[in-house]
Amino acid sequence: MNNISTINLIPYNQMKEQIEIEITALLDKLRSTEDIELPRISFEKGYTRISFPVPGLNEKILIDSILLINNYLGNIRIHTFELGVYAFQALNENIFKTENILDNLKIQFMGLFEKFTIDISKKGNLTQEEINLVVELFRTHYISIQKGDPIARLKTLGASVIENNEGLDWSYLAGYEEVKRNVKESIILPLMNPEIYDSIARLTRVSFESNRPRAILFEGAPGVGKTTVARIIAGEVDIPLVYIPIESIISKWYGESSRNLSQIFDLCEDIGGAILFFDEIDSLAGSRDQNMFEATRRVLSVLLRRLEGIDSLNNTLIIGATNRKNDLDHALISRFDQSINFPLPNLKERMSIFSYYATHLNNSELESLADISKNVSGRNIKDICEFAERRWARRLIIKKLEASLPPAEYYKHALRSWLSNRKG
């Protein structure tokens with residue numbers, strides 16, 4: 001049984017629910033109009049069995065599947081490899097021991113021409129890694145259906161693609177005037193006027209190369225508007241914003257992180273360019289001076305190569321956001337054309353942010369709130385105002401009163417509660 005402790009095995013019902021939830025969420029996220037059949041999952045005669053049809057099996061997809069299986073299972077053997085049947089099986093933890101090897105996880109690709117089925121079986125329950133493999137095999141083969149649509153493929157790789165930012169402009173971000181000025185001068189002007197920047201580069205250089213920014217680092221505390229600014233930029237220049245959650249790269253992709261990250265870069269180029277936003281990039285590309293997992297090292301290598309190297313990007317702007325710049329790898333920091341600091345809002349800016357979420361308060365009340373909210377971020381101020389509104393709504397419901405505006409005291413109480421909780 002591959003010498004796996006029963007502690008690591010996931011009960012059948014929990015396994016079935018997890019696979020169905022993850023795959024349904026994938027299809028819902030893509031808003032697929034394809035008639036995609038969900039995996040058939042059963043437990044028969046002591047064996048877990050999972051099968052689902054796939055649209056086809058060309059050489060590339062088969063090789064990608066073998067690499068994926070090897071990444072998740074470690075040691076595998078070829079069980080069958082002939083036209084119409086390709087089968088692979090996990091070896092025991094000690095590869096020199098062969099007893100009960102047929103009880104281990106087995107993956108079969110069966111069919112001819114364009115009708116194939118993936119059958120997965122194992123005696124007993126699956127481990128979490130084996131469950132992850134099932135989901136990733138489904139995702140990998142679903143990509144083949146979406147091969148003509150780079151945006152759909154980006155979504156299957158865990159990215160969020162925001163193509164419409166209507167209603168989100170600079171007025172949404174109260175304060176931060178210096179940040180806005182830097183962003184407009186350093187990012188928006190080059191993106192909207194590339195020909196002028198290219199003309200200057202052709203006049204000033206022996207050999208032409210673009211002088212437009214390829215990578216910008218946003219640094220600042222959580223909640224100071226880094227993600228919001230990235231969305232506003234995308235809306236201003238009418239370019240898709242591709243948001244990459246770091247956790248999906250590191251945990252979900254396991255051994256194939258670097259390959260999938262490279263695919264994301266290629267797909268951004270395929271759609272004609274994008275703004276590729278990495279939040280908490282320090283979690284993805286920490287310093288090599290520290291202990292680093294090999295998978296993380298490979299991801300960092302891809303980042304460095306795509307930012308400045310043979311495979312560098314032409315039409316895609318990378319924005320990395322961090323609140324721990326000192327933890328970033330020094331070579332990566334050097335690849336960023338510019339670093340824009342997002343400070344915590346000053347008193348005037350805090351007044352402006354409070355006025356955005358509490359338009360009915362007068363200047364004196366706003367100044368009082370701003371005065372006692374030092375070192376509070378814009379997102380925190382939004383949360384504080386929402387908490388005050390909820391408390392006021394609860395009072396109106398209990399007292400059976402008509403809707404009315406919350407008084408300033410409710411905002412002060414919410415702010416003091418937030419500050420007290422932070423100290424605690």
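These values consider heavy atoms only, across backbone and side chains, with no hydrogens, waters or symmetry-generated copies.
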Legend entry - Gln128 versus Asn132, side-chain donor and acceptor atoms under 3.5 Å: yes
Inset, instruction - Check whether any side-chain N or O of Lys325 sits under 3.5 Å from a backbone N or O of Leu217 as a donor-acceptor pair, and report yes or no. - result: no
Inset, instruction - Would you please say whether a donor-acceptor pair under 3.5 Å links the side chains of Asp282 and Thr322? - result: yes
Inset, instruction - Report the relative orientation of the aromatic rings in Phe277 and Tyr243; use parallel for angles under 30°, tilted for 30 to 60°, perpendicular for over 60°. - result: parallel
Inset, instruction - Answer yes or no: is there a donor N or O on one side and an acceptor on the other, between the side chain of Glu349 and the main chain of Tyr176, under 3.5 Å? - result: yes
Inset, instruction - Answer yes or no: does atom CG of Asp238 have more than 12 heavy-atom neighbours from other residues, nucleotides or ligands under 6.0 Å? - result: no
Inset, instruction - May I ask you to decide if the ring planes of Phe218 and Phe342 are parallel, tilted or perpendicular, using 30° and 60° as cut-offs? - result: tilted
Legend entry - Under 3.5 Å: donor-acceptor pair, side chain of Asn8, backbone of Thr127: no
Legend entry - Heavy-atom donor-acceptor pair, Arg350 side chain to Ser373 backbone, under 3.5 Å: yes
Legend entry - Heavy-atom donor-acceptor pair, Lys382 side chain to Cys385 backbone, under 3.5 Å: no
Legend entry - Flag if over 12 foreign heavy atoms under 6.0 Å of CD, Glu20: yes
Inset, instruction - Answer yes if the ring centres of Tyr411 and Phe354 are under 6.0 angstrom apart, and no otherwise. - result: no
Inset, instruction - Run the salt-bridge test on Arg306 and Asp266 with the 4.0 Å N-O cut-off and return the result as yes or no. - result: yes
Inset, instruction - Could you tell me whether the side chain of Lys226 and the main chain of Ala221 form a donor-acceptor pair under 3.5 Å? - result: yes
Legend entry - Check: Asn70 side chain, Ile66 main-chain N or O, donor-acceptor pair, under 3.5 Å: no
Legend entry - Main-chain N/O of Arg214 paired to Asp337 side chain as donor or acceptor, under 3.5 Å: yes
Legend entry - Sidechain N-carboxylate O distance under 4.0 Å for Asp198, Arg212: yes
Legend entry - N/O donor-acceptor pair under 3.5 Å between Asn92 side chain and Asn94 backbone: no
Legend entry - Residues Arg40 and Ser51: side-chain donor-acceptor under 3.5 angstrom: yes
Inset, instruction - Find out whether Ile118 and Phe138 are in side-chain contact, i.e. whether some heavy atom of one side chain is under 4.5 Å from a heavy atom of the other. - result: no
